[in-house]
Structure formats: structure tokens, C-alpha cells
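Just below is one structure, and these are the notes that go with it.
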Amino acid sequence: MSQTELEYRQVIQRCKDLFLKKNQDYGTAWRILRLPSITDQIFIKAQRIRTLQETGVSHVGEGIEPEFVGIINYCVMALIQLHFQHEVQIADGQPDKAAKMDIPTDELERLYDEQIGRVMRLLFAKNHDYGEAWRDMRVSSMTDIILMKLLRTKQIEDNRGTTLVSEGVDANYMDMINYAVFCLIKLQDTGR
């Protein structure tokens with residue numbers, strides 16, 4: 001296993017552990033959220049990171065690492081929501097309003113792993129082609145890229161998912177996960 005894969009898996013395990021613990025506390029209440037609402041939650045977290053990077057001051061006592069974890073987990077929620085949108089359709093092509101809201105923990109964990117598996121395959125394909133360029137990037141630059149991908153996602157959502165030549169929202173969520181993981185790896189490296 002490469003160093004990148006090891007570090008990536010460690011970050012994801014930390015995020016997944018928190019995701020499953022919050023599921024024990026709250027259940028899958030997030031299933032009520034429409035995709036634009038999840039996108040806005042991710043935006044709030046990314047904007048807070050940028051503010052903290054610029055000011056260096058936190059009035060609520062949490063730093064940026066928990067916000068990157070939140071970005072990862074909200075992006076996984078969005079990918080799971082997309083999974084259910086594609087899986088559960090009725091004859092006229094509209095989402096089934098009776099789609100299950102509660103997801104048993106074992107199924108939720110499987111869905112989390114499934115989505116992260118897709119994201120990791122994308123990561124390793126891109127990492128190969130780009131030669132791990134992210135290792136030479138600044139965390140602040142990656143934060144800006146996450147914010148840019150959020151604005152792209154919001155525009156696609158405002159266009160009702162229609163794009164002419166661009167990737168869909170799922171690709172943007174996947175990229176945001178990878179950039180957030182890279183940021184956490186870099187922050188852990190500087191903290192050692």
C-alpha cells in the first residue's frame with residue numbers, strides 16, 4: 001500500500017467513525033435534505049475554513065480540521081442521496097416520494113464504503129496522471145478549489161442538473177472529498 005493510500009484510508013476511517021457515531025445520535029435525519037441544502041451545508045463549512053485561514057481567529061473554539069471532516073461527510077451524504085435518486089424512480093421518471101428515510105446502520109455503512117470506494121478509484125486515477133501535485137499545493141489553495149467546486153455545483157443545481165459539456169454534481173462532490181482529504185493529510189503532516 002502506498003503512503004498516499006495509507007494516509008487517505010486513515011483520514012477516511014476518522015470521518016467514517018464520526019459519521020456512524022452521529023448516525024447513532026441523530027439517525028438519518030439528513031435524508032430529508034434536498035441536494036441544494038446539502039451543498040449549502042458544505043458551502044458553510046468551506047466558507048468558515050476560509051475565514052479562519054484569513055483571520056486566524058475562531059470564536060466557537062473549533063479549528064479547520066473538523067470542518068474538513070464535515071465537508072467529507074456531507075459530500076458522502078450527497079452521493080448517497082444521489083444514489084437513492086437514481087435507484088428509486090417511478091414510471092414517470094420522478095423520484096419516489098415514499099423512498100425510505102431511515103437507513104439501518106449496516107446498510108448506511110455499506111453505502112458510505114461504496115461511495116468512498118468510487119471516490120478513491122477516482123483519486124488514484126487522477127493521482128497517477130497528476131503525479132501527486134496536491135502535495136505541493138497550499139491548504140488555502142485547496143480550500144479555494146473546494147469553494148469553486150461548490151459554486152459550480154450550485155450553478156448545476158440551479159440549472160436543474162443540466163450541463164452542456166461539464167461533469168455533473170457527483171463528480172464535484174467526489175473532487176471536494178478528495179481535496180478535503182488532501183487538506184487533512186497535509187494538516188496532519190505539519191502537525192507531526
Side-chain angles (χ1 to χ4, degrees), residues 2-26 29-30 33 35-81 108 112-113 115-116 118-120 122-124 126-127 130-157 169-192:
S2 73
Q3 182 66 24
T4 297
E5 184 175 354
L6 177 66
E7 291 171 323
Y8 193 100
R9 288 184 184 280
Q10 288 171 344
V11 166
I12 290 300
Q13 189 61 52
R14 173 182 167 195
C15 296
K16 180 180 164 184
D17 289 347
L18 180 62
F19 184 87
L20 293 175
K21 286 176 183 171
K22 285 197 174 203
N23 181 63
Q24 288 179 340
D25 289 346
Y26 303 130
W30 56 268
L33 297 173
L35 277 178
S37 297
I38 296 174
T39 301
D40 284 345
Q41 286 297 311
I42 300 165
F43 181 80
I44 289 167
K45 294 191 169 301
Q47 189 60 51
R48 181 168 185 271
I49 292 167
R50 185 170 172 159
T51 299
L52 293 177
Q53 289 170 338
E54 290 175 353
T55 66
V57 177
S58 169
H59 289 285
V60 295
E62 285 190 347
I64 64 175
E65 288 189 34
E67 300 297 355
F68 281 120
V69 170
I71 287 171
I72 292 165
N73 284 339
Y74 272 109
C75 285
V76 172
M77 288 176 201
L79 292 170
I80 291 171
Q81 292 289 57
L108 186 62
Y112 191 101
D113 291 341
Q115 296 307 318
I116 288 296
R118 290 179 54 224
V119 174
M120 285 183 70
L122 175 67
L123 161 76
F124 291 119
K126 286 186 173 185
N127 214 25
Y130 290 97
E132 294 202 333
W134 63 271
R135 290 201 182 266
D136 295 321
M137 293 176 69
R138 296 173 185 92
V139 171
S140 59
S141 295
M142 288 189 273
T143 301
D144 289 349
I145 291 170
I146 291 169
L147 282 162
M148 176 190 66
K149 292 198 172 282
L150 281 160
L151 294 174
R152 288 179 176 180
T153 301
K154 290 171 85 160
Q155 184 63 53
I156 294 168
E157 290 168 348
V169 294
D170 59 336
N172 284 290
Y173 290 128
M174 291 167 61
D175 284 345
M176 286 185 265
I177 290 171
N178 283 331
Y179 278 112
V181 170
F182 296 158
C183 289
L184 287 169
I185 290 171
K186 289 186 72 75
L187 290 167
Q188 287 175 0
D189 286 347
T190 58
R192 289 184 186 155

Taking the side chain as everything from C-beta on, heavy atoms only, tell me whether Y112 gets closer than 4.5 Å to L20.
no
Side chains of K16 and D113: does their closest heavy-atom pair fall under 4.5 Å?
yes
How long is the span from the CD atom in E62 to the CG atom in L52, to the nearest 0.5 Å?
10.0 Å
Under the 6.0 Å and 45° cation-pi test, does K154 pair with F43?
yes
Member of R14, R135, K186 meeting the salt bridge (charged side-chain N to carboxylate O under 4.0 Å, His left out) criterion with E7:
R135
Side chain proximity check, I72 to I12, heavy atoms < 4.5 angstrom:
yes
Any chance the side chains of R138 and T143 put a donor and an acceptor closer than 3.5 Å?
no
Decide whether Q155 and R152 meet the rule of one side-chain donor and one side-chain acceptor closer than 3.5 Å.
no
dist Q81:CD -> I38:CD1 (nearest 0.5 Å) comes out at 4.5 Å
Plane angle bin for Y8 and F182 - parallel if under 30°, tilted between 30 and 60°, otherwise perpendicular
perpendicular
Less than 4.5 Å apart, any side-chain heavy atom of V181 and any of L123?
no
Return the OG1 to CD distance between T51 and E67, rounded to the nearest 0.5 Å.
10.5 Å
Rounded to the nearest 0.5 Å, what separation is found between the CG atom of L122 and the CG atom of N127?
10.0 Å
Any side-chain heavy-atom pair of R48 and S58 under 4.5 Å:
yes
Under a 4.5 Å cut-off applied to non-hydrogen side-chain atoms, are E157 and T153 in contact?
yes
With heavy-atom distances below 4.5 Å as the criterion, would you say the side chains of V11 and Q188 are in contact?
yes
What distance separates C75 SG from D170 CG, expressed to the nearest 0.5 Å?
11.5 Å
Atom CE of M137 and atom OH of Y179: how far apart are they, to the nearest 0.5 Å?
5.0 Å
Are any of the side-chain heavy atoms of Y173 and L35 separated by less than 4.5 Å?
yes
